[in-house]
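Here the structure comes first, spelled out in structure tokens, and everything after it is commentary.
All values derive from a computational prediction rather than experimental measurement.
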Amino acid sequence: MTERFSIGELGRRAGCKVVTIRYYEQIGLLDAPERGEGGHRVYERAHLDRLFFIRRARDLGFSHDDIRSLLTLSTGPAAGPCQAVDHVAAAHLDAVRVKISDLRRLEKTLVSVLDQCGRTTVEACCVLDALRAPPGDGSSWVSLSAP
């Protein structure tokens with residue numbers, strides 16, 4: 001006998017909100033389930049497995065488009081090469097590395113601004129002055145988009 005779940009049970013098992021499940025259906029990441037008596041959605045084990053896949057991919061920061069690509073690739077020929085999957089993962093890794101670099105630059109900027117703070121009054125606060133400064137005015141504030 002096949003396992004069947006209500007949307008609430010599917011959400012509990014996957015650790016996911018009902019609204020998120022509906023959203024994943026709406027954007028095509030999760031196949032729409034059959035409708036049972038009274039028109040209620042009835043999910044099967046395949047929905048739960050796919051939802052686990054989507055959640056793990058989201059936890060790793062993959063975009064919805066990347067997840068859609070990975071799902072398409074995962075339902076292709078089982079004996080095929082995984083070069084396309086590697087390409088999606090490598091592109092995501094490159095994006096993660098850029099974010100890490102941006103965060104390191106942000107950290108240095110915040111440390112520098114905090115080090116300049118005389119801890120006097122709000123009126124003389126270096127942090128607030130740095131936030132008020134327009135981009136590119138030569139202040140100590142460094143934009144994340146700067147090379």
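Going from atom CZ of R4 over to atom NE2 of H47 covers 10.0 Å, rounded to the nearest 0.5 Å. Rounding to the nearest 0.5 Å places SG of C16 at 11.0 Å from CZ of R58. Here the straight-line distance linking atom CZ of R50 with atom CD of E44 works out to 13.5 Å at 0.5 Å rounding.
In this structure, the side-chain contact (heavy atoms from CB on, under 4.5 Å) partners of R132, at least two apart in sequence or on a different chain, are L128, D129. Under the side-chain contact (heavy atoms from CB on, under 4.5 Å) criterion, V111 pairs with E107, D115, sequence neighbours left out. Contacts of R22 classified as side-chain hydrogen bond (donor to acceptor under 3.5 Å, both in side chains), with partners at least two apart in sequence or in another chain: none. For R12, the side-chain hydrogen bond (donor to acceptor under 3.5 Å, both in side chains) partners two or more places apart in sequence, or in a different chain, are E9. The salt bridge (Lys or Arg N to Asp or Glu O under 4.0 Å) search around R41 returns E25, not counting sequence neighbours.
Under a 4.0 Å N-O distance rule, the pair K99/D102 does not qualify as a salt bridge.
Heavy atoms from other residues, nucleotides or ligands lying under 6.0 Å from CZ of R104 number 12 at most.
Nearest heavy-atom pair across T75 and T72 is OG1-O, 3.0 Å.
Although no hydrogens or angles enter the test, the distance criterion places no donor-acceptor pair under 3.5 Å between the side chain of S101 and the main chain of R97.
The other residues sharing a hydrophobic cluster with L10 are F5, I7, V18, I21, Y23, Y24, I27, L29, L30, Y43, L48, L51, F52, F53, I54, L60, F62, I67, L70, L71, L73, V85, V88, where clustering joins ILVMFWY side chains under 4.5 Å apart.
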